[in-house]
Amino acid sequence: MSEQGTERDRPWLMRTYSGHSSARASNELYRTNLSKGQTGLSVAFDLPTQTGYDSDHPLARGEVGKVGVPIDHIGDMAILFDQIPLDRMNTSMTINATAPWLLALYIAVAEKQGADPSALQGTTQNDVLKEYLSRGTYIFPPEPSVRLTTDLIAYTVDNIPKWNPTNVCSYHLQEAGATPTQELAYALSTAIEILDAVRDSGQVGEERFEEVVGRISFFVNAGIRFVEETCKLRAFVRMWDEITARRYGVQNPKLRRFRYGVQVNSLGLTESQPENNVQRIVLEMLGVTLSRGARARAIQLPAWNEALGLPRPWDQQWALRMQQVLAFETDLLEYGDLLDGSPVVEAKVQSLIDGAREEMARIEDLGGMVACIDNGHVKRELVQSHTARIRAIENGDLQIVGVNCFKQTADSPLTSEDDSGILKVDEGAEREQVAALERFRAQRNQGEVDAALADLRAAATGSTNIMPASIACARAGVTTGEWSQVLRDVFGEYRAPTGVDFSGKAGGSGDALAAVRERVHATGEAVGRPLRLLIGKPGLDGHSNGAEQIAVKARDAGFEVVYEGIRLTPAQIARAAQEEGVHLIGLSVLSGSHMELVEDIYCELEQLGLGHLPLVVGGIIPQEDEQVLRKRGVADVFTPKDIDMNTIMARMVEIIRDSHGLDSAA
Amino acid sequence: MPPDTAPATLAQRLLAGERGALAEALNQLDDQRSAAIERSGALLAALLADGVLSRGHLIGITGPPGVGKSTLSSALIATWRRRGLRVGVLAVDPSSPVTGGALLGDRLRMQVDPADDGVFIRSLSSRGEFGGLSAEVWPMSIAMLAANDVVLIETVGVGQREIDIAHSADTTCFVAQPGSGDSIQFLKAGILEVPHVLVVNKSDMGETARRAHSELLGALAGEHADGGWDIPVLLASASRGEGIEALADAFAAHREQIAPDLEARRRRHQAHWLEKRLLADFGQRGLDRLGGSEALLARLNAKTADPLSEYRALCAEITNALQQDQ
Ligand code: B12
Ligand SMILES: Nc1nc2c(ncn2[C@@H]2O[C@H](COP(=O)(O)OP(=O)(O)O)[C@@H](O)[C@H]2O)c(=O)[nH]1
Ligand SMILES: [Mg+2]
């Protein structure tokens with residue numbers, strides 16, 4: 001009981017987003033985390049699982065178990081939750097394109113544990129629309145994706161009433177550069193698109209539609225401008241209440257509540273002076289907890305070493321402790337809403353609402369979220385916002401401590417340890433996973449598998465809900481790759497717009513850029529034609545920010561830039577280099593698979609007689625790998641520390657000059 | 001040892017359909033240094049001597065930005081590949097007049113099997129040229145024709161200024177956007193050169209697409225392109241792959257119709273390209289020194305030299321004449 005007699009608020013769910021190497025290793029990690037006071041699970045899947053490939057698929061090479069846990073079939077899922085009773089757990093799964101499949105596996109495992117599936121609690125992220133805009137693990141075109149999302153929602157409303165079937169995400173939009181207004185507008189427009197689709201699918205009776213609305217939850221970001229972020233959350237609460245009441249006629253105020261979980265901002269976490277990230281994370285957490293009326297239901301925090309690589313258990317424990325200190329040591333939870341009635345807050349909230357409404361009206365005019373994803377509108381807006389942010393950092397308008405101001409630092413004991421301060425994923429994990437997958441395939445009943453897949457195909461081709469057939473597949477021992485391939489055959493695959501093709505100058509002005517441009521032109525004349533740059537994103541990595549910003553900057557520096565978006569194979573990249581006659585290839589890899597991918601690309605290039613083409617690599621590249629890459633022939637390596645893009649451009653021109661022998665004394 | 005890139009050998013490799021040779025040829029044709037231009041001239045001369053101008057099919061696809069030209073190209077590529085045809089694509093995107101830089105994004109929508117050697121896509125920036133094409137398109141088309149059965153040129157899509165494609169391609173196709181009356185207005189006002197094939201894309205939009213289709217049919221009633229060709233007005237959905245076979249058939253039919261005149265037509269286009277370049281370089285005053293456009297075109301139509309050598313010769317002629325003026 002607090003002083004004013006308001007009841008103490010219940011603390012939010014505390015989670016740590018984790019998973020790596022194998023189901024067994026992740027299971028141990030989860031059980032340790034739970035014993036430390038974590039109150040829910042948040043599963044990170046590896047990229048092959050998220051994009052529907054088995055661990056032995058060529059595209060999975062180097063990615064298995066790297067950024068999350070590999071789940072190929074029901075056997076893996078059973079191990080992942082070994083000794084974790086699912087009917088008493090609250091599990092959040094960051095899974096989208098393959099969400100129906102992972103939920104099917106979850107249900108099948110619960111059955112095996114003897115739990116009642118209808119009692120399951122948790123969340124499937126299941127918001128594919130933001131995958132096209134930011135996160136990158138989409139598979140099918142938007143329309144069938146929305147249908148799958150809809151099927152999952154309709155199924156859980158009927159069968160697993162406490163499940164959060166979709167977590168509409170604005171988190172990833174901010175990570176791709178969105179302003180608070182854009183976060184509001186695009187997340188709410190997405191929710192509208194999904195709810196309209198569920199309604200129009202006719203799978204849920206009109207009388208139960210309220211319940212569907214009530215099951216929609218959100219996954220939001222909170223950046224360092226925590227006052228504005230608080231206001232953004234208050235704006236969300238108000239706008240959602242209004243949309244659910246007006247557009248969907250929801251009477252029950254409980255079902256109109258804006259329920260949300262949070263991961264605080266990671267884009268602003270820095271590689272330089274990484275200890276400062278701790279302050280950032282704590283302040284960002286305030287943004288989603290200060291206002292009781294708009295407080296988060298669940299929080300997961302990144303670790304101090306976010307920009308260095310994957311966090312170790314100790315790093316994650318530190319992040320969890322930040323939450324615990326705020327919830328249990330401070331008096332925050334004892335009071336009612338601290339901000340109600342503040343005219344300053346009220347004005348800010350209103351201006352965010354006004355801005356968001358304007359953008360939502362534009363989206364509606366242009367045909368809704370799906371149309372605006374396919375025609376590139378939203379992605380272009382995001383890339384432009386991110387470009388503005390990067391320019392502000394470049395010219396110092398946006399101050400980032402340790403990056404563009406207060407740069408002097410003493411040596412950090414945190415990063416000088418032998419283990420380089422990040423988690424090293426077990427090198428043998430991929431091999432073991434592949435071997436286990438082969439064993440699993442050999443012992444299952446192929447007849448049952450084939451029959452289950454045939455039923456799945458029939459459901460996908462028609463309009464039957466995809467879930468029952470998927471659950472049957474899970475029980476029969478179908479693999480992630482097989483489930484996805486059937487749907488790939490039926491729905492086709494998709495490449496999302498890149499958003500870099502906006503008109504207007506974004507490169508900013510300034511002497512540095514002008515000098516680079518001069519040099520680009522002069523070099524173009526010297527080699528006979530305008531300089532052409534291929535930006536390639538190989539592998540399953542969806543981190544596109546860096547590639548996009550380099551593309552925009554290079555265009556403004558006078559390069560002719562070829563950029564085809566994320567998830568290309570080494571063969572596709574080599575082929576584009578040949579067809580486009582480029583002078584330089586720039587790869588961007590943040591998934592940790594750079595060693596394998598760079599090697600594969602060199603092989604492909606050599607086969608085309610292009611082994612001489614200079615190549616640079618950017619992204620999350622640990623120092624020791626950088627040395628190896630250079631030995632292999634990579635001309636230069638850029639990491640998040642290289643924030644001055646003009647310098648990067650200048651360097652690329654010099655590399656092209658070198659490769660043409662332009663400045664050599666001979 | 002790197003493969004031989006001397007003009008005669010490169011031409012042979014190109015005619016044999018070697019992808020590396022096509023890449024190299026396009027790079028060379030792009031090269032503006034004078035030694036390179038000389039080599040490029042020799043390359044084109046070798047290709048012309050082999051009769052490239054009487055083979056293959058050069059198709060131009062134009063229409064406003066966002067109408068679906070690239071998506072349609074992608075669908076056409078698939079259709080042509082099924083018919084066993086080798087396809088080359090030149091995709092032109094706008095470049096910034098200020099910085100000269102460009103983002104070449106059409107490939108994104110033209111997804112091909114990376115193992116399929118029968119498709120070759122080169123993106124180009126418009127490099128400040130008006131008319132939705134860049135100056136390199138004509139010479140590059142010749143190289144593309146040497147190695148492919150069908151060559152598709154996707155223009156920038158600037159709308160009404162886009163007339164150059166009609167003077168470059170054997171067959172031009174205009175893609176119209178449902179729900180936008182612009183194309184019809186342009187056609188009626190004579191701003192838009194009448195294409196050989198008209199297609200309303202996005203037929204999956206239903207009623208609006210059908211309406212645009214019938215309006216275009218109406219606007220074109222009684223119109224004929226050159227030689228009594230009946231202009232087909234088609235409906236297609238690039239994203240669903242509907243109506244693509246019919247579109248490919250229409251192209252093939254037009255190609256058949258113009259077959260007797262094909263080489264002459266391409267020579268006229270080549271002459272037009274030369275005239276345009278000279279006009280850009282020297283202005284009307286320069287052209288007048290050659291006796292004006294009509295005289296120039298008549299002269300060029302009768303000649304058979306490769307376009308780059310011809311261009312250099314004419315440049316020299318104009319420069320001389322201008323010097324004598326002073
Ligand atoms: C933003 C972000 C995201 C966004 C990405 C949005 C987008 N569309 O790009 C979202 C939220 C979607 C995301 C998702 C995930 N992320 Co993430 N993400 C980040 C984060 C916070 C910042 C990256 C970024 O955009 N920086 C800004 C850009 C401009 O910088 P940059 O890419 O580094 O580029 C600079 C240089 O590297 C260089 N450069 C880069 N590319 C190129 C190319 C060329 C040609 C040149 C010349 C230069 C160059 O120049 C740039 C200028 O400074 C990093 C951590 C961090 N702070 O770095 C983690 C991080 C990269 N993510 C990580 C992970 C694990 C994931 C997930 C896989 C998690 C999961 N299991 O689901 C998912 C899935 C993503 C996927 N599909 O692959 C890990 C990678 C771990 C590793 N490599 O070992 C990191 C390091 C976080 C961590 N510590 O765990 N992420
Ligand atoms: N509904 C629909 N959209 C299409 C169709 N063809 C292309 N589009 C969309 O139109 C937009 C522009 O396509 P694009 O091919 O890049 O057009 P371009 O600028 O003319 O090359 C994209 O969003 C495409 O997905 C179609 O047949 N139907
Ligand atoms: Mg296009």
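Throughout, a chain's letter reflects where its sequence line sits, starting with A, and its residues are numbered from 1. All heavy atoms count here, side chains included; hydrogens, waters and symmetry mates do not. Quantities reported herein were computed from a predicted structural model and do not represent experimental measurements.
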Enquirer: Side chain, backbone, both or neither: which part of B/V89 has an atom under 4.5 Å from a heavy atom of chain A?
Expert: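 Contact with chain A is absent: no heavy atom of B/V89 under 4.5 Å.
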
Enquirer: How many angstroms lie between atom CD of A/Q578 and atom CG of B/L26, to the nearest 0.5 angstrom?
Expert: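 Nearest 0.5 Å value for the CD-CG distance: 10.5 Å.
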
Enquirer: Please determine whether side chain to side chain contact (heavy atoms under 4.5 Å, CB included) holds for the pair A/E579 and B/R19, giving the CA-CA distance in whole Å, both sets of side-chain angles, and the decisive distance to 0.1 Å.
Expert: CA-CA 8 Å; A/E579 291 185 358; B/R19 293 174 58 83; 2.7 Å; yes

Enquirer: Quick check for you: to the nearest 0.5 Å, what is the distance between A/Y494 atom OH and B/S239 atom OG?
Expert: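 A/Y494 OH to B/S239 OG: 9.0 Å, rounded to 0.5 Å.
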
Enquirer: Can you give me the closest heavy-atom contact between B/R107 and A/V562, atom names plus distance?
Expert: CD-CG1, 3.8 Å

Enquirer: Please state whether the side chain, the backbone, both or neither of A/E493 comes within less than 4.5 Å of a heavy atom of chain B.
Expert: neither

Enquirer: What's the shortest heavy-atom distance between A/V527 and B/D31, and which atoms?
Expert: O-OD2, 3.8 Å

Enquirer: Starting at CD of A/E560, measure out to CG of B/D30 and round the result to the nearest 0.5 Å.
Expert: 7.0 Å

Enquirer: Are A/V561 and B/L104 close enough that some pair of their side-chain heavy atoms sits under 4.5 Å apart?
Expert: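 No - every pair of side-chain heavy atoms lies 4.5 Å or more apart.
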
Enquirer: I'd like to know if the side chain of A/E580 pairs up with that of B/S123 as donor and acceptor (distance under 3.5 Å, no hydrogens or angles considered).
Expert: yes

Enquirer: Between A/R555 and B/T99, what is the shortest heavy-atom contact and its length?
Expert: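 In this case the closest contact between A/R555 and B/T99 is O-OG1, 3.4 Å.
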
Enquirer: Heavy-atom distances under 4.5 Å only: say whether A/A526 touches chain B with side chain, backbone, both or neither.
Expert: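 For A/A526, the backbone is the part near chain B, not the side chain.
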
Enquirer: Checking A/H583 now: which residues fulfil ring pair (Phe, Tyr, Trp, His ring centres under 6.0 Å) with it, not counting sequence neighbours?
Expert: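 A/H583 satisfies ring pair (Phe, Tyr, Trp, His ring centres under 6.0 Å) with A/H660 only.
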
Enquirer: Apply side-chain contact (heavy atoms from CB on, under 4.5 Å) to B/Q111 and list each qualifying residue two or more places apart in sequence or on a separate chain.
Expert: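 In terms of side-chain contact (heavy atoms from CB on, under 4.5 Å), with neighbours along the sequence ignored, B/Q111 is linked to A/R495, A/E564, A/Q572.
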
